[in-house]
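Scroll down for the structure; my scribbles are underneath it.
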Amino acid sequence: MATKLTEFLTQRSTPEIAASLLGKQLCLQTPTGMLTAWITETEAYLGAKDAGAHAYQNHQTARNQALWQPAGTIYIYQMRALFLLNIVTQKAGVPECVLIRGIEPVEGLDQMQRQRPVQLANLTNGPGKLMQALGLDKTLNGQSLDDGPLSLDLQTSIRQPQLVERTARIGIVNKGEWSTAPLRYYVAGNPFVSHISRRRLDHEQHGWVPLV
DNA sequence: CCCGTGATTATCT
DNA sequence: GATAATCACGGGC
């Protein structure tokens with residue numbers, strides 16, 4: 001299983017990995033129950049060459065050490081009172097990662113809504129919002145998805161996007177070509193995606209291929 | 001002091 | 001109701 005995850009996170013480019021993470025299931029074991037959700041929105045960050053990345057020019061600081069760890073390492077950083085979740089890709093020493101920007105709740109929705117008491121439409125459609133709904137802080141920073149309470153399920157309850165949209169990454173400004181590079185991926189029509197028009201939602205299937 | 005996110009407010013339909 | 005514009009926050013450098 002751990003081998004499968006390592007293969008998934010190292011055998012293709014990080015943009016390809018970011019796109020294929022859509023529909024995979026994120027799982028969190030909590031003292032009061034299991035929380036699971038499908039990934040709906042991701043962004044790829046391409047390490048030393050990427051002016052939008054924390055690891056730009058191999059810039060190492062105390063907070064971003066996790067980026068140089070092996071694939072499957074959890075990288076969580078804080079901004080304001082928010083925590084943002086990234087999954088480290090590629091072999092150790094290559095500081096690339098995928099930012100998780102949106103998830104669709106599957107299991108434990110009631111617990112998520114207690115931990116983030118807002119309307120469902122605003123529960124997990126943003127990188128800081130989803131971490132609050134999951135009840136996570138930066139405790140898991142530097143830990144692995146192979147052990148510990150947070151994991152990635154590549155095999156069960158997987159959904160297939162009908163259409164994956166690509167756009168520039170959110171909030172990367174004045175960074176030249178990196179500001180426009182199409183490194184953000186999301187499930188078209190899914191309501192649990194940030195910065196989307198409510199008018200174009202798929203209210204029936206949420207943008208997933210229907211299960212037969 | 002700069003930065004991006006989430007919340008609030010304003011404007012249009 | 002939906003979308004755009006504006007505000008506040010607080011950690012990192």
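In what follows, chains are A, B, ... by sequence order, proteins preceding strands, each numbered from 1.
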### Query
What integer distance in Å separates Ile196(A):CD1 from dT3(C):P?
9 Å
### Message
So, taking the atom named CG in Leu26(A) and the one named CD1 in Ile87(A), what distance separates them when rounded to the nearest 0.5 Å?
### Response
6.5 Å
### Task
Return the value, rounded to whole Å, for the distance between atom CG of Leu123(A) and atom P of dT5(B).
18 Å
### Message
I want to check a possible cation-pi pair here: Arg169(A) against Tyr45(A), using under 6.0 Å from ring centre and within 45° of the ring axis as the test.
### Response
yes
## Note on the structure
Taking every heavy atom of Ser179(A) against every heavy atom of Ala168(A), the minimum-distance pair comes out as O-CB, 3.3 Å
### Task
Report the distance from atom CZ of Arg199(A) to atom C1' of dT3(C), rounded to the nearest whole Å.
9 Å
### Nearest to side-chain heavy atoms of Arg101(A), which nucleotide of dT3(C), dC13(C), dT5(B)
dT5(B)
### Query
Which part of the nucleic acid, if any, lies within reach of Ser197(A) when heavy atoms closer than 4.0 Å are counted: base, sugar-phosphate only, or nothing?
sugar-phosphate
### Query
Within 45 degrees of the axis of the six-membered ring of Phe83(A) and under 6.0 Å from its centre: does Arg80(A) put its NZ or CZ there?
no
### Query
With sugar-phosphate meaning primed atoms plus P, OP1 and OP2, does Arg169(A) contact a base, only sugar-phosphate, or nothing at under 4.0 Å between heavy atoms?
nothing
#### Entry: Gln60(A) CD to dG12(C) P, straight-line distance once rounded to whole Å
17 Å
### Query
For the pair made of CG in Leu67(A) and P in dG12(C), what is the distance, rounded to whole Å?
14 Å
### Query
For Thr61(A) and dC13(C), is the shortest distance between a side-chain N/O and OP1 or OP2 below 4.0 Å?
yes
### Geometric cation-pi criterion, Arg166(A) with Tyr185(A): 6.0 Å, 45°
no
### Query
Between Asn64(A) (CG) and dC13(C) (C1'), how many Å, whole number?
12 Å
### Task
Can you tell me the distance, in whole Å, between the NZ atom of Lys129(A) and the P atom of dT8(B)?
11 Å
### Message
Distance check needed: dA2(C) C1' versus His195(A) NE2, whole Å only.
### Response
15 Å
### Message
Classify Arg116(A) by what it touches in the nucleic acid, base, sugar-phosphate, or nothing, heavy-atom distance under 4.0 Å.
### Response
sugar-phosphate
### Query
Taking DNA chain B as the partner, which of residues 77-87 of chain A come within under 4.0 angstrom of it by heavy atom?
Met79(A), Arg80(A), Leu82(A)
### Task
Of all the heavy-atom pairs spanning Pro105(A) and Met112(A), show the shortest one and how long it is.
CB-SD, 3.8 Å
### Query
Asn125(A) and Phe192(A): which non-hydrogen atoms are nearest, and at how many Å?
CB-C, 3.9 Å
